[in-house]
Amino acid sequence: MGKNEEKTKFSVRVDTGLVELADTYIRDSTVQSRTELIEDALRFYLGFLTAKKAEDYLLQSLSSVMTGTVRDSENRLARMDFKIAVELSKLSQVIAYTHDVDEKELQKLHVKCVDEVKRINGAVDFESAYKYQRREN
């Protein structure tokens with residue numbers, strides 16, 4: 001903004017304390033006049049508002065991208081869970097077909113498995129089950 005730009009004159013009502021503070025900055029040679037101080041303050045504040053609009057836009061954009069990413073991840077996990085459930089169902093059907101387990105034993109097995117999954121927080125591994133079964137038999 002050069003010195004030869006057209007200027008508009010208008011009156012402003014400001015708290016006396018602010019005028020005194022402005023005059024302090026003028027005396028400290030931070031700016032040359034009240035007009036320059038007001039112009040600088042106005043430029044700064046308008047820049048702040050512009051940046052805030054940009055920030056709001058960026059936050060909305062980021063939120064939208066994050067929502068889409070989470071939704072895609074949820075869909076992938078749901079598809080994987082479905083595939084795992086199908087494989088587990090096939091495995092259960094094969095085991096049920098090939099082993100003669102009565103109702104009472106099946107109920108005991110269910111209770112044991114629920115307790116184990118709670119104890120190990122769902123981190124089931126085949127090796128531990130294999131060692132457990134070999135030790136008991």
Side-chain angles (χ1 to χ4, degrees):
M1 309 251 168
K3 297 275 186 192
N4 294 333
E5 287 188 32
E6 182 178 325
K7 304 244 179 186
T8 302
K9 185 175 183 174
F10 64 96
S11 63
V12 178
R13 296 180 64 93
V14 181
D15 289 338
T16 304
L18 284 176
V19 173
E20 291 170 359
L21 183 60
D23 289 342
T24 301
Y25 280 98
I26 293 168
R27 281 192 299 275
D28 291 342
S29 299
T30 306
V31 290
Q32 301 296 322
S33 65
R34 286 181 179 170
T35 300
E36 187 180 341
L37 180 73
I38 292 170
E39 285 177 342
D40 287 351
L42 192 55
R43 275 191 207 96
F44 177 81
Y45 187 65
L46 292 174
F48 168 78
L49 292 178
T50 301
K52 184 161 177 27
K53 283 183 182 177
E55 179 182 320
D56 291 345
Y57 171 76
L58 290 174
L59 288 175
Q60 288 173 355
S61 297
L62 181 61
S63 175
S64 176
V65 168
M66 291 299 292
T67 300
T69 300
V70 168
R71 191 172 293 126
D72 289 346
S73 295
E74 286 174 342
N75 288 338
R76 275 195 296 280
L77 288 171
R79 284 193 303 272
M80 281 188 353
D81 283 349
F82 179 81
K83 290 176 181 179
I84 289 170
V86 168
E87 293 302 315
L88 182 59
S89 178
K90 289 173 11 186
L91 182 61
S92 296
Q93 293 296 327
V94 168
I95 291 171
Y97 180 76
T98 59
H99 291 76
D100 187 28
V101 179
D102 65 18
E103 196 73 31
K104 185 178 175 185
E105 290 297 316
L106 184 61
Q107 183 60 35
K108 281 174 49 180
L109 177 63
H110 176 78
V111 170
K112 179 197 170 303
C113 290
V114 167
D115 290 342
E116 180 182 24
V117 169
K118 284 180 183 176
R119 182 177 49 78
I120 61 177
N121 199 25
V124 178
D125 72 279
F126 180 80
E127 289 77 12
S128 297
Y130 178 81
K131 289 176 185 174
Y132 176 82
Q133 291 299 326
R134 291 296 171 206
R135 187 180 63 227
E136 285 214 344
N137 293 337

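Basis for what follows: all heavy atoms, side chains included, without hydrogens, waters or symmetry-related copies.
From Y130, atom OH reaches atom CZ of R135 across 13.0 Å, with rounding to the nearest 0.5 Å. Note that NZ of K52 and OH of Y45 are 9.5 Å apart. Values are rounded to the nearest 0.5 Å. Rounded to the nearest 0.5 angstrom, T16 OG1 and L21 CG are separated by 12.5 Å.
Linking Ile, Leu, Val, Met, Phe, Trp and Tyr whenever their side-chain heavy atoms come within less than 4.5 Å puts L18 and F10 in one cluster.
A donor-acceptor pair under 3.5 Å links the side-chain atoms of S61 to the main chain of Y57, judged by distance alone. A donor-acceptor pair under 3.5 Å links the side-chain atoms of H99 to the main chain of I95, judged by distance alone. At least one donor-acceptor pair under 3.5 Å links the side chain of T69 to the backbone N or O of V65. Formation of a donor-acceptor pair under 3.5 Å by the T98 side chain with backbone atoms of V94 is found in this model. In this structure a side-chain-to-backbone donor-acceptor pair under 3.5 Å is missing from E105 to V101.
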Task: Test log, rule side chain to side chain contact (heavy atoms under 4.5 Å, CB included), inputs R119 and D115 - done: CA-CA 6 Å; R119 182 177 49 78; D115 290 342; over 6 Å; no
Open item on the list: Let's go through L77 and M80 carefully: what are the C-alpha distance in whole Å and the side-chain angles of both, what is the deciding distance for side chain to side chain contact (heavy atoms under 4.5 Å, CB included) to 0.1 Å, and is it a yes or a no?
Closed with: CA-CA 5 Å; L77 288 171; M80 281 188 353; 4.0 Å; yes
TODO: Begin with the C-alpha distance, continue with both residues' side-chain angles, and end with the deciding distance and a verdict on side chain to side chain donor-acceptor pair (under 3.5 Å) for D125 and S128.
DONE: CA-CA 6 Å; D125 72 279; S128 297; 2.9 Å; yes
Task: Criterion side chain to side chain contact (heavy atoms under 4.5 Å, CB included) on E39 and V31, from CA distance to verdict - done: CA-CA 10 Å; E39 285 177 342; V31 290; over 6 Å; no
Open item on the list: Checking R71 against N75 for the side chain to side chain contact (heavy atoms under 4.5 Å, CB included) test, could you report, in this order, the C-alpha distance in whole Å, the side-chain angles of both residues, the deciding distance, and whether it holds?
Closed with: CA-CA 6 Å; R71 191 172 293 126; N75 288 338; 4.3 Å; yes
Task: Chi angles and distances behind the salt bridge (Lys or Arg N to Asp or Glu O under 4.0 Å) call for E116, K112 - done: CA-CA 6 Å; E116 180 182 24; K112 179 197 170 303; 3.7 Å; yes
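Between R34 and D23 there is a side-chain heavy-atom pair separated by less than 4.5 Å. Residues T24 and R27 have side chains in contact (heavy-atom distance under 4.5 Å, counting atoms from C-beta outward).
The pair D40-R43 meets the salt-bridge criterion, since a charged nitrogen lies less than 4.0 angstrom from a carboxylate oxygen.
Dense packing is recorded around CG of D102, with more than 12 heavy atoms of other residues, nucleotides or ligands lying under 6.0 Å away.
Across every non-hydrogen atom of L37 and A22, the tightest pair is CD2-CB, 3.0 Å.
Residues satisfying the side chain to side chain contact (heavy atoms under 4.5 Å, CB included) criterion with F44, sequence neighbours excluded, are absent altogether.
A salt bridge (Lys or Arg N to Asp or Glu O under 4.0 Å) check over residues 85-95, counting only residues at least two apart or in different chains, returns the pairs E87-K90.
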